[in-house]
Amino acid sequence: MKQLLQWTIIIPALAWILFFSGLVDNSSFFQVVASILLILSVMSAVHHSEIIAERVGEPYGTIILAISITVIEVSIIVSLMLSEGSEAASLARDTVYAATMLILNGIIGLCLLIGGLKHYEQNFSVSSVTIGLVSLVSIIVFTLVFPTFTESVKGSYYSLPQLVFASIACLVIYSSFLFAQTSRYRQYFLTVGDDENEDVVEPIPINNKTFYTSLIFLIISLGIVVLLAKTLSPTIESIIVSYHLPKTLVGVVIAAIILLPEAIAAIIAARKNRLQTSINLALGSALASIGLTIPSVAVVCIMMDMPIILGLDIKSIVLLALSVFTVMLSLSKGKSNIVYGVVLLVNLFAFVFLMIYP
């Protein structure tokens with residue numbers, strides 16, 4: 001009974017009750033309450049995912065959280081595309097692009113800065129970073145860059161064969177990354193202490209009752225985050241439009257809400273001097289965000305005969321290339337530095353600034 005009275009269980013339950021009450025649709029007050037419950041539900045998801053991660057150990061814990069967040073992203077994008085039709089043709093691209101920029105510049109930048117300020121210098125595996133970045137660069141080019149330059153269809157679109165090929169390529173690359181992370185090269189992704197000869201950090205014992213409770217309420221928390229984010233997205237869009245801001249900011253806001261659990265978990269890990277876990281979360285999330293979202297959305301668009309815009313404009317491609325290149329240089333030596341974190345965060349501010357003032 002004591003376990004069931006924890007806030008991480010009560011908050012998602014209250015959020016579900018509010019959602020099904022229908023009060024959110026017509027009341028500004030309850031929309032504010034729903035926003036607060038959404039953020040707290042995200043915090044609840046972080047709590048439960050950390051318990052699960054401790055039970056299963058690395059890198060499986062970070063994979064569970066990354067895939068869970070991707071399920072949220074896919075659910076929100078697909079539901080909005082089905083409800084808005086052709087008007088949401090670029091929503092998948094905008095959200096995935098925003099998520100990638102937030103992960104590479106925001107999450108990694110904050111982890112490098114905060115971890116460096118507290119611990120001066122932190123170590124991580126260069127091999128794991130190389131595997132992640134090689135996979136990420138290929139997926140980014142296939143999904144967000146090539147559609148701008150292909151000639152089969154006019155505009156930033158893929159033809160049907162091209163879309164199928166790109167989706168299969170994403171799944172193959174992401175599957176090979178997971179195989180490397182969980183099996184063949186698992187040792188590259190494990191957190192080690194300051195001494196390179198120190199044993200790998202072992203999972204904290206978690207009993208079965210706590211584990212299964214957290215697993216159930218992780219799903220419950222993520223589910224209500226999806227539903228509340230979808231419900232509040234028209235309000236978010238109307239606020240953005242009322243301030244004469246570009247509608248593409250809606251994708252950034254949705255991506256920020258989606259990535260909040262991972263961002264918090266990664267920053268906490270960096271403060272605990274476990275930067276490897278932070279990098280596993282960030283790069284794994286970026287790969288899952290693109291490598292699973294685009295194929296899933298592509299399947300829906302093909303089945304429903306809906307258009308999907310994937311290619312970025314030249315300015316966005318340059319910003320994305322700058323972000324990827326900066327991350328590659330920042331993580332090339334296996335040691336953190338607060339300057340890297342500052343530069344990445346400046347890249348993030350440039351991304352948002354140039355979206356508002358193109």
Side-chain angles (χ1 to χ4, degrees), residues 62 65-67 69-74 76-77 90-112 129 131-148 156 166-167 169-171 173-174 177 248-263 266 278-298 308-331 340-341 343-355:
T62 56
L65 182 55
I67 293 179
I69 299 304
T70 304
V71 171
I72 291 181
E73 185 174 8
V74 172
I76 293 175
I77 292 173
S90 64
L91 180 64
R93 179 200 64 185
D94 295 340
T95 305
V96 167
Y97 171 53
T100 304
M101 295 294 285
L102 288 171
I103 291 169
L104 294 180
N105 297 303
I107 296 179
I108 294 180
L110 280 172
C111 288
L112 292 177
V129 170
I131 291 173
L133 287 177
V134 165
S135 304
L136 183 61
V137 168
S138 183
I139 285 180
I140 285 174
V141 173
F142 278 132
T143 56
L144 299 178
V145 178
F146 273 173
T148 303
S156 300
S167 300
C170 287
L171 292 175
I173 293 171
Y174 184 67
F177 170 77
T248 49
L249 275 178
V250 176
V252 177
V253 174
I254 292 175
I257 294 172
I258 292 169
L259 293 171
L260 195 54
E262 280 174 326
S278 302
I279 294 174
N280 289 349
L281 270 168
L283 295 182
S285 300
L287 279 164
S289 176
I290 306 176
L292 295 180
T293 300
I294 297 301
S296 301
V297 173
I308 174 173
I309 299 174
L310 289 178
L312 295 169
D313 57 35
I314 299 300
K315 180 188 68 178
S316 299
I317 291 174
V318 171
L319 279 172
L320 185 57
L322 172 64
S323 301
V324 172
F325 185 62
T326 307
V327 169
M328 292 176 70
L329 292 178
S330 300
L331 303 181
Y340 303 153
V343 173
L344 289 172
L345 290 174
V346 170
N347 288 349
L348 177 63
F349 293 137
F351 160 65
V352 177
F353 178 81
L354 291 175
M355 185 174 292

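This one's a predicted model, so the numbers in the text were calculated from it and none came from an experiment. Residues: numbered from 1 along the sequence shown.
- To the nearest 0.5 Å, the span separating CD1 on Ile139 from CD1 on Ile294 amounts to 10.0 Å.
- Residues Leu310 and Val96 fail the side-chain proximity criterion, which asks for heavy atoms closer than 4.5 Å.
- For the atom pair CD1 (Ile173) and CG (Leu136), the distance works out to 10.0 Å, reported to the nearest 0.5 Å.
- Side chains of Asn105 and Ser323: a donor-acceptor N/O pair is present below 3.5 angstrom, by distance only.
- Taken to the nearest 0.5 Å, the CG atom of Leu259 stands 4.5 Å off from the CD1 atom of Ile103.
- Taking Cys111 as the reference, Ile107, Ala266, Ile267, Ala270, Leu275, Ser278 meet the side-chain contact (heavy atoms from CB on, under 4.5 Å) condition, with sequence neighbours excluded.
- With values rounded to the nearest 0.5 angstrom, Leu91 atom CG is found 11.0 Å from Ile309 atom CD1.
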Apply side-chain contact (heavy atoms from CB on, under 4.5 Å) to the pair Val346 and Val343, showing each step before the final yes or no.
CA-CA 5 Å; Val346 170; Val343 173; 5.7 Å; no
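- Under the side-chain contact (heavy atoms from CB on, under 4.5 Å) criterion, Tyr340 pairs with Leu112, Ser330, Asn337, not counting sequence neighbours.
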Test log, rule side-chain contact (heavy atoms from CB on, under 4.5 Å), inputs Tyr174 and Ile290:
CA-CA 9 Å; Tyr174 184 67; Ile290 306 176; over 6 Å; no
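- Nearest heavy atom pair, residue Gly291 against residue Cys170, reads O-CB, 3.7 Å.
- With hydrogens and angles ignored, the 3.5 Å screen pairs a side-chain donor or acceptor of Thr326 with a backbone N or O of Leu322.
- Although no hydrogens or angles enter the test, the distance criterion places a donor-acceptor pair under 3.5 Å between the side chain of Lys315 and the main chain of Leu354.
- By the 4.5 Å heavy-atom criterion applied to side chains, Leu319 and Tyr97 are counted as neighbours.
- The main-chain N or O of Leu312 is found under 3.5 Å from a side-chain atom of Thr148 such that the two form a donor-acceptor pair.
- The minimum heavy-atom distance between Ala92 and Val297, with the atom names listed, is CB-CG1, 3.9 Å.
- Atom CD1 of residue Ile140 and atom CG of residue Leu287 lie 8.5 Å apart, to the nearest 0.5 angstrom.
- A donor-acceptor contact shorter than 3.5 Å links the side chain of Arg93 to the backbone of Gly311.
- Counting heavy atoms from C-beta on, the side chains of Ile108 and Leu283 come closer than 4.5 Å.
- Expressed to the nearest 0.5 Å, how far CG of Leu104 lies from CZ of Phe351 amounts to 11.0 Å.
- Phe177 and Gly132 make their closest contact through CE1-CA, 3.8 Å (heavy atoms, listed as atom of the first residue, atom of the second, distance).
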